[in-house]
Amino acid sequence: MQNEAALAGTLAAAAARLALPPGAALRFAAVDDADGTLPAQLRGAAPRRQRGFLAGRRAAALALGAGGTVGIGADGLPGWPAGWIGSITHTDDIAAAVVAPAPAAAIIGIDLERIVAPALADELADLIAPEGLPAANPRDVELTCAFSAKEALYKALFPRTRQFREFTAALFRRAADGSPQLTLAEDWGEGWTAGTALGAQQVVAAGHVLTVVWR
Ligand SMILES: CC(C)(COP(=O)(O)OP(=O)(O)OC[C@H]1O[C@@H](n2cnc3c(N)ncnc32)[C@H](O)[C@@H]1OP(=O)(O)O)[C@@H](O)C(=O)NCCC(=O)NCCS
């Protein structure tokens, strides 16, 4: 496996291709390097979870710049500084965070996934994408793209709607130019109605899929 710093660098170079809201920033942090002060909720957590949390906060602080810090709310969600929205994701190795000035985006969600093994993709396909997977890429890549896009969508909308949604609540498709698209298959609340279409900003690099969904 590549070391985490090299992986972060490869993913950052790929992420530069994503179209983000004006004023947005996306940064990575290696999980192994993570340190800092844990909030009370995380003090009894497994060391890996603690490092993932801290790496996510480090990525968020880098994205905010100028000493920006991100707390944790009573609901477990990140507490963004006034005037900003954002989202955090982590794998075992790498954390990433995206932030945007609140006027530039109403919602934003990020997700980073390692591409799943082909056998697991076959096992999960009906659960994650019962609408069927596009054939643009091998099934393991497409399944991971669909999964990551739907998780990023959920993470973008949940802070607004506060409603859980299953993987059937949105459809993953590819537009004629191959770009990933999400369509809400049911009402998500707060005016996010069935039929709403959102583009997913997505890159596949270094065995991972990175997705940002924003509007
Ligand atoms: C919440 C969920 C999306 C997190 O995804 P994950 O791949 O396990 O974890 P990630 O590393 O990408 O993201 C975790 C981070 O997301 C944030 N987060 C957690 N729950 C969240 C929520 N409900 N909404 C927005 N952000 C959330 C936190 O910052 C968390 O990291 P932290 O606790 O260290 O701060 C996932 O656990 C889940 O519940 N999925 C089912 C719902 C879903 O995706 N439906 C699809 C609808 S089409």
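Start at 1 and go down the list; that is how both ligands and their atoms are numbered.
Of all protein heavy atoms, the one lying nearest to atom 13 (O) of ligand 1 is K155 NZ, 2.7 Å. The protein heavy-atom contact nearest to atom 43 (C) of ligand 1 is Y154 CG, 3.6 Å. Atom 23 (N) of ligand 1 has as its closest protein heavy atom F158 CD2, 3.1 Å. Remark: minimum distance from atom 34 (O) of ligand 1 to any protein heavy atom is reached at H90 NE2, 2.7 Å. Of the protein's non-hydrogen atoms, the one nearest atom 35 (O) of ligand 1 is R57 NH1, 2.5 Å. The single protein non-hydrogen atom nearest to atom 20 (N) of ligand 1 is L77 CD2, 3.7 Å, given as residue, atom name and distance. F164 CE1, 3.7 Å is the protein heavy atom nearest to atom 41 (C) of ligand 1. Scanning the protein for heavy atoms near atom 5 (O) of ligand 1, the closest one is E151 OE1, 3.0 Å.
Using a 4.0 Å threshold on non-hydrogen atoms, atom 9 (O) of ligand 1 does not count as touching the protein. Closer than 4.0 Å to atom 37 (O) of ligand 1 lies none of the heavy atoms of the protein.
With a 4.0 Å cut-off on non-hydrogen atoms, F53 touches ligand 1 through its backbone as well as its side chain. The proximity of D111 to ligand 1, defined as any non-hydrogen pair under 4.0 Å, is limited to the side chain. Under 4.0 angstrom from ligand 1, the non-hydrogen atoms of R49 all belong to its side chain.
Within the structure, the closest approach of P78 to ligand 1 falls below 4.0 Å when heavy atoms are considered.
Proximity of the aromatic rings of F167 and F147 is defined here by a centroid distance below 6.0 angstrom, and this criterion is met.
Side-chain polar atoms of T211 and D111 form no donor-acceptor pair below 3.5 angstrom. Side-chain atoms of D177 and S179 include a donor-acceptor pair closer than 3.5 Å. There is no side-chain donor-acceptor pair under 3.5 Å between R48 and Q50.
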Fill in: Evaluation steps, salt bridge (Lys or Arg N to Asp or Glu O under 4.0 Å), between R174 and E142
CA-CA 10 Å; R174 288 193 181 276; E142 284 298 322; 2.9 Å; yes
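Judged by distance alone, with hydrogens and angles left aside, the side-chain atoms of T161 form a donor-acceptor pair with the main-chain N or O of L157 at under 3.5 Å. Within the 3.5 Å criterion, the main-chain N or O of D32 finds a donor-acceptor partner in the side chain of E4. Of the possible polar contacts, one joining the W188 side chain to the A169 backbone as a donor-acceptor pair under 3.5 Å is found.
Distances below 4.0 Å separate heavy atoms of E113 from the following atoms of ligand 1: 7 (O). Set against the non-hydrogen atoms of W188, the atoms of ligand 1 under 4.0 Å away are 47 (C), 48 (S).
Using a cut-off of 4.0 Å between Lys/Arg side-chain N and Asp/Glu carboxylate O, R162 and D75 are scored as salt-bridged.
With H208 as the partner, the side chain to side chain contact (heavy atoms under 4.5 Å, CB included) test is satisfied by one option alone out of L11, I115, T10: L11.
Among the atoms of E166, none of the N or O lies under 3.5 angstrom from an N or O of ligand 1.
Residues Y154 and V213 are not in side-chain contact: their nearest non-hydrogen atoms beyond the backbone lie 4.5 Å or more apart.
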